[in-house]
Amino acid sequence: MLEDEYQIDFFSDNGFIRKQCPKCGKYFWTRDQDRSTCGDAPCDPYSFIGNPVFKKKMELAEMREFYLKFFEEQDHTRIDRYPVIARWRDDIYLTIASIADFQPFVTSGQVPPPANPLTISQPCIRLSDLDAVGRSGRHLTTFEMMAHHAFNNSKKEIYWKDHTLELCDGLLDSLGADPMAVTYKEEPWAGGGNAGPCVETLIGGLEVATLVFMDLKQDKTGDINIKGDQYSKMDNYIVDTGYGLERFVWASKGSPTIYDAIFPSIVNELMGLAGIEHELENEEYTNILSQNARLAGLMDVSEKANLFELRKQVASSIGTTVEKLSSIMEPVESVYAITDHTRCLTFMLGDGGIPSNVKAGYLARLVIRRTLRMMKDLGINVPISEIVRMHIDTLPEYPEFQENFDVIEDILAHEERKFADTLDRGRRMMEKSARHYKKSGENIPLETIIDMYDSQGIPPEISKSVAAEVGVEVDLPDNFYSLVADKHSKSEEKEEKVIPFADRIAKLPKTKRLFYDEPNRMEFEGVVLDIFEKHIVLDNTLFYPEGGGQPADHGTLTVEDVVLNVVDTQIYNGVVVHTIDDIEDELHIRKGDLVVGRVDEERRMAHARHHTATHIINDAARDVLGSHIWQAGAQKFRDRARLDLSHYKRITQEELDQIELIANRTVMENKRVLSDWMDRTEAEQKYGFRLYQGGVPPGKMIRVMQVGNDIEACAGTHCTNTGLVGPIKILKTERIQDGVERLEYAAGEAAIKAMQDLESLVRDSSETLRVSAEQLPSTIGRFFDEWKDLKKENTKLKEDLAHARVSQLITDAETINDIRVIAKTVPHADSDELTKTAGELTQENDVVAVLISELDGVKIVAAAGDEAVKNGVNVGLIVKEMSTIVGGGGGGRPNMARGGGTDPSNMTGALDRGIELLKEQLE
RNA sequence: GGGCUUGUAGAUCAGUUGGAAGAUCGUCGCCUUUGCAAGGCGAAGGCCCUGGGUUCGAAUCCCAGCAAGUCCA
């Protein structure tokens, strides 16, 4: 990054000088002539601990308000926070920064910002430093990023570097910070395809703010190189700042750790539950914590080696052993981590996140399980929801969490039970495996432990302790988790959607879409703007292009007397492209022609019914299941539609019936379906993020649909009244992931058809059984029971038959070398009967039975008593050879073998050969 | 989105190279005991998840589906 980027008037006008840090080599700006280091850890240690850098101690709410108010007074508009689950993004699951709220449409310039400039305090979740949370004294999974943003472009500049620095410095000043202690470090920033110069604001050794001047985008042909990637200048340039609310509070209090600063009451409560006295009043104790935090600030403690090094240094500086120190620190660190993690869960679940085995839900589960493990280690025996409740009680500024608490509690109870089940199951499996290895005297291979974790979810620590109980050693390498990750590493290819004739389409104006204003009109006139191969673009159209889970309209385009069939309709950057099926050699259509379009009404209406029904079902489901229900995907077809819903347990039949009933009531109420194009920001303020059930559409204006009580941003075609949807019939549910339920249903004529199909199933069944539909269940039950009884009886009869045969067969035995040999054909006996007969015959030790029958080809069974086996008989070999004679195969063990073949003509030959072999074996 | 694991008696699980469906607990009956706990003897209880395929033969191998678990991005 060029040095020029940091030659900012604010610095020169305010007596700053630029220096290079002798430790890290980075450049920074300071008012202090005598300062030499940059002010960042590890070049400077924390100096604010026990020595606050701001005038007044503040709590989170007070600090947040102070910040927002400061920027409001500086002409910024305060806007509401966004959810921590980033539903409007398809590239990230969690909101990781305030700027994430405005990506991608605002930052790219497609959509104007809700206000400009604006200020916000955005709760963010980052799980990347999970291991350091609790240990480092400063890491959190959840934090609020306070920010002021200005969105500039070549036409209009709000403010840029100078004013940003002025505002930041002014804020610190108004908090009573010592100007001489503040440094600004140059640090080029890149991330998410953008980049730009950046300044880090440091005070007391702590980084409290990051000021990013985002003006570059990734571009292979760009002429600016940052960290190995090429970038070029953007037309938009954005002030992207981030001030850590929690760090500001910490700095204002000077507590030993950030955790003690931001949620002291919950930390204390948990210490009590864990049976640890948190002696913040105890000087020796706070000394240890402070030392630890200061030194931890200098290193990355997520590395095991570093953690040990940290312990060593702290131990020596307070004159104790590493072991002693660890025994003091570990429980405390766990309490910190639990407090942090439960706060994270409060936000995740409070914002409607559902634990799952995939996507954002998996992250929630990960955090839940980590927390439960630590709680167990500390002996904290309260439901995890109780700790979440403590957080909610201290967060009155988030009333929505309070409202959702019942569901949150249920989800957590559910997860707790699931995890307990998993551990139980895992422990049993591990015990078995451990016993197996103990028997063979081997150590348990690492592979087994990895498998246990990877496919059964058993943490390696638990595997190890279970193994130890059984008495087998396990070596856990430090890089265990990266070994697991290696197993999964593979390249991933994403398919880019290719736009046909992209350059021609780019030159065309956006197509006027008539279907919004006139949803019931099916015929229109249009002028041909362009034709390429089978694709036709008009100036306006009634054809709905595929989108929002609704398939494309079909129909016809007529030019004079030529009728063209439209088989697909797509939209690319606002240009609707109609695709027709085969065309004549000579296309009777050219630019400027007037065409008459007719939409296939039946198809369109079926889609519209299913689309409106989808909104109705979504609303009904939320009614029945709770407010955590979100659409996780949807697709409409002509004969049915499906809707994926986030829900943490299986939907029961009763709930399903209820949803169906409510949905049909909405239909019968025949409410008007309202739609309105609204300013995006206005709609968001009015209806919230509930709008975005089906993802976030681009554009300044969005179409807001109201169907019954359901309000969503939706670009599909709908019925004008709910009554037009007709009956709605839920066909089935499927669990497509843990935490996502799929509903399949039909509406209108499709529903009638579906019901008729179901009915005919019942009718056919009852006709087959010759009973009325009402009697079907009981009759089927009876048949099933009878079938079971008959099967048992059949088995019994075969045994009896076998028994009856035995007495006959035994008299025909031929004695060879003291062994009685029975080699016979048993007519019409199946394999089971032969087996039972042979089995009974060989109850006598000196008997060998070779039985053969003709049934579905040839069946052969041979058995030998113990005595016979001792004398060298191996019926496995005999049957094997016999079977090949009848065109099949067979085998078994020396005392029992079965086989058969497809060719009955050679049965006697096979039997003779069997006797021959037997004789050989007995000699 | 991808990977891995698992579906067998009411429950928890065995079931070897494809070759006679098992154990433990629970249930029921009888015996023992003043009674209980327990013990002894015996019995009932299986569409081996579903549907295809391979094979003389599949709980076992292959494919598809359904269901459950789990890890990763």
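Letters go in sequence order (proteins before strands), and every chain restarts at 1.
Spacing between B:rG10 and B:rG26 at atom C1', rounded to whole Å, works out to 7 Å. Nucleotides B:rC48 and B:rA59 place their P atoms 8 Å apart, quoted to the nearest Å. Taking atom P on both nucleotides, B:rU50 is separated from B:rA43 by 28 Å, rounded to a whole Å. B:rU70 and B:rA64 have their C1' atoms separated by 23 Å, with the value rounded to a whole Å. Across the C1' atoms, B:rG57 and B:rU12 are found 31 Å apart, a figure rounded to whole Å. B:rC47 and B:rA9: their P atoms are spaced 8 Å apart (whole Å). Taking atom C1' on both B:rU17 and B:rU55, the two are 16 Å apart, rounded to the nearest angstrom. Between B:rC41 and B:rC49, the two P atoms lie 32 Å apart (nearest whole Å).
The only member of A:L127, A:I125, A:L349, A:T342 that meets side chain to side chain contact (heavy atoms under 4.5 Å, CB included) when paired with A:V367 is A:L127. When the options A:L911, A:T837, A:L809 are evaluated for a side chain to side chain contact (heavy atoms under 4.5 Å, CB included) with A:K824, the one that passes is A:L809. None of A:I444, A:I462, A:V470 except one satisfies the side chain to side chain contact (heavy atoms under 4.5 Å, CB included) rule with A:M430; the exception is A:I444.
Here the P atom of nucleotide B:rC56 and the CD1 atom of A:I885 are 16 Å apart, to the nearest Å. For the pair A:Q737 CD and B:rC4 C1', the computed distance is 17 Å after rounding to whole Å. Across the protein-nucleic acid pair, A:E431 atom CD and B:rU12 atom P stand 17 Å apart, rounded to whole Å. Between A:R435 atom CZ and B:rU24 atom C1' the separation is 13 Å, expressed in whole Å. One atom, CE of A:M429, and another, P of B:rC71, lie 14 Å apart when rounded to the nearest Å. One atom, NZ of A:K432, and another, C1' of B:rU12, lie 11 Å apart when rounded to the nearest Å. Computed from coordinates, the A:I736 CD1 to B:rG65 P distance equals 15 Å when rounded to whole Å. As rounded to whole Å, 12 Å separates atom P of B:rU70 from atom CD1 of A:I368.
Here A:R365 does not reach the OP1 or OP2 of B:rC71: none of its side-chain N or O atoms lies under 4.0 Å away.
Put simply, the side chain of A:K418 does not reach to within 4.5 Å of the side chain of A:P355, judged on heavy atoms. No side-chain heavy atom of A:V806 sits less than 4.5 Å from a side-chain heavy atom of A:Q843.
Ion pairing between A:K859 and A:E833 fails under the 4.0 Å rule for side-chain N and carboxylate O. A:K836 has no carboxylate O lying under 4.0 Å from a charged side-chain N of A:E840, or vice versa, which leaves the two without a salt bridge.
Comparing A:A360 and A:G457 along RNA chain B, the residue whose closest nucleotide (by nearest heavy atom) sits nearer the 5' end is A:G457.
Comparing B:rU70, B:rC56, B:rC48 by their closest approach to the side chain of A:T902 singles out B:rC56. Picking from B:rU70, B:rG19, B:rC47 the nucleotide with the shortest atom distance to the side chain of A:R893 gives B:rG19. When the nucleotides B:rG1, B:rC13, B:rU70 are ranked by their closest atom to the side chain of A:R428, B:rC13 comes out on top. When distances run from any side-chain atom of A:K359 to the nucleotides B:rU5, B:rC47, B:rG1, the shortest one goes to B:rG1.
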For this session: Show your reasoning for whether side chain to side chain contact (heavy atoms under 4.5 Å, CB included) applies to A:C344 and A:M348.
Result: CA-CA 6 Å; A:C344 176; A:M348 276 187 177; 4.0 Å; yes
Problem set entry | side chain to side chain donor-acceptor pair (under 3.5 Å) between A:S356 and A:D738, intermediate numbers included | CA-CA 5 Å; A:S356 163; A:D738 198 7; 5.6 Å; no
For this session: Output, in order, the C-alpha distance, side-chain angles, deciding distance and verdict of side chain to side chain contact (heavy atoms under 4.5 Å, CB included) for A:E854 and A:V858.
Result: CA-CA 5 Å; A:E854 180 190 350; A:V858 182; 5.6 Å; no
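The base of B:rU70 has none of its N or O atoms less than 3.5 Å from a complementary donor or acceptor on the side chain of A:D454.
Defined by atom type and a distance below 3.5 Å, a donor-acceptor pair is missing between the side-chain atoms of A:R425 and A:Q456.
Contact annotation for A:K792: backbone-only contact, meaning every heavy-atom pair under 4.0 Å involves sugar-phosphate atoms and none involves a base. Residue contacts shown for A:Y453 are limited to sugar-phosphate atoms, with no base heavy atom under 4.0 Å away. A:G900 comes within contact range of at least one nucleobase, with a heavy-atom separation under 4.0 Å. Note on A:Y93: a base of the nucleic acid sits closer than 4.0 angstrom, heavy atoms only.
A:R640 contributes no side-chain N or O that, together with a main-chain N or O of A:A746, makes up a donor-acceptor pair within less than 3.5 Å.
Using bins of under 30°, 30° to 60° and over 60° for the plane-to-plane angle, the ring pair A:W88/A:Y82 lands in the perpendicular bin.
Of the residues in residues 831-865 of chain A, A:T835, A:G839, A:K859 come within less than 4.0 Å of RNA chain B through at least one heavy atom, sorted by number.
With pairs defined as Watson-Crick or G-U wobble and both atom distances under 3.5 Å, the stems of at least three pairs that touch RNA chain B come out as B:1-7 with B:66-72, B:10-13 with B:22-25, B:27-31 with B:39-43, B:49-53 with B:61-65.
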Protein and nucleotides 66-68 of chain B: nitrogen or oxygen contacts under 3.5 angstrom:
from: B:rC66; atom 1: OP1; to: A:E734; atom 2: OE2; distance (Å): 3.2
from: B:rA67; atom 1: O3'; to: A:R650; atom 2: NH1; distance (Å): 3.4
from: B:rA68; atom 1: OP1; to: A:R650; atom 2: NH1; distance (Å): 2.8
from: B:rA68; atom 1: OP2; to: A:R650; atom 2: NH1; distance (Å): 3.4
from: B:rA68; atom 1: OP2; to: A:R735; atom 2: NE; distance (Å): 3.2

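Around atom CZ of A:R650, more than 12 heavy atoms belonging to other residues, nucleotides or ligands sit under 6.0 Å away.
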